[in-house]
Amino acid sequence: MYQSFKQEGTKMRPVPYIGVTGVTTVVEANRILQSRPQYAKHNLMVGVLVSSRTLDPTFSTTPKRYAPLRMIPEIFQNHTGALNILHFYTDKKSAQHILNDLVYADGLAGKNCHGVQLNLPWPPVELVRLYKESTNGKVVILQCGPEALRGVGSNGAALAEKLKPYQGLVDHVLIDPSGGQSKE
């Protein structure tokens, strides 16, 4: 069973993780998980990309870095030290439509899905709360990508202030100025 927090003294601390995103096959997931030493104190995140577009049943082509939806439950294995995360993006604006897509994706991902990374610039706090409630408290990672960082002027203090409403709802924050493009 995956645990996102561990006791350190009197405080609960998030378990650190190293993430690999764009996993599309069981073979890739196995290679990632086999690379984790047994003594490691971090988890290995197996990230599968999904979007509102790829969740649409009328969408016929699976983009290169996306796994076929039917394969996600096999990719997300029950493995000690695995953090199985859906990386979700949408261009939809309605919080209800986004929530519907998130819950649908979570249902497709199977019992070993631990949560979602929201690749959305500043999603509504209420959306995050409703996702947590509807999934019994699954992990939420908030990606602060280029657009989110521009919104706070790439200022650390402003970023910390903007994150305050998410406290208690978001388990991890990923500060990602490259937006997953491997740029500095």
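Along the sequence shown, the residues carry numbers beginning at 1.
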Same hydrophobic cluster for [X] and [Y], using side-chain heavy-atom links shorter than 4.5 Å among ILVMFWY?
X	Y	value
V48	L108	yes
Y131	L49	no
Y66	L55	no
I18	V173	yes
Y104	L120	yes

Report the distance from atom [atom1] of [X] to atom [atom2] of [Y], rounding to the nearest 0.5 Å.
X	Y	atom1	atom2	answer
H42	L83	NE2	CG	11.5 Å
H79	N43	NE2	CG	10.5 Å
L99	E133	CG	CD	10.0 Å
I75	N84	CD1	CG	9.5 Å
H87	L118	NE2	CG	10.5 Å
L127	S94	CG	OG	9.5 Å

Heavy-atom side-chain proximity of [X] to [Y] below 4.5 angstrom:
X	Y	answer
L33	V46	yes
Y89	V50	no
D106	C113	yes

* Asked: Quick one: do D101 and R53 make a salt bridge, cutoff under 4.0 Å?
  -> no
* Asked: Can R129 and E126 be counted as an ion pair, charged N to O under 4.0 angstrom?
  -> yes
* Intermediate values then yes/no, side-chain contact (heavy atoms from CB on, under 4.5 Å), Q143 and H172 -> CA-CA 9 Å; Q143 180 216 37; H172 301 276; over 6 Å; no
Using modelled atom types and a 3.5 Å cut-off, is there a donor and acceptor pairing between side-chain atoms of [X] and backbone atoms of [Y]?
X	Y	answer
D56	T58	yes
D171	V140	yes
R36	A40	yes
H97	K92	no
N112	F76	yes
K138	V116	no
S134	L130	yes

Ignoring hydrogens, what is the shortest heavy-atom contact between [X] and [Y]? Give both atom names and the distance.
X	Y	answer
E74	Q77	O-CG, 3.4 Å
I72	A67	CG1-CB, 4.4 Å
L174	Q117	CD2-NE2, 3.7 Å
V152	A158	O-CB, 3.6 Å
S52	T90	OG-OG1, 2.7 Å
L163	C144	CD2-SG, 4.2 Å

* Asked: For residues N30 and E28, is any side-chain donor paired with an opposing acceptor at under 3.5 Å?
  -> no
* To do: Take L102 and F88 through the test side-chain contact (heavy atoms from CB on, under 4.5 Å) and record every step on the way to the result.
  => CA-CA 8 Å; L102 282 169; F88 179 80; 3.5 Å; yes
* side-chain contact (heavy atoms from CB on, under 4.5 Å) between L159 and L149: does it pass, once the steps are laid out? -> CA-CA 7 Å; L159 176 64; L149 293 172; 4.2 Å; yes
* Decide side-chain contact (heavy atoms from CB on, under 4.5 Å) for M45 and Y17; before the verdict, give the C-alpha distance in whole Å, the side-chain angles of both, and the deciding distance to 0.1 Å. => CA-CA 6 Å; M45 185 259 293; Y17 69 90; 3.7 Å; yes
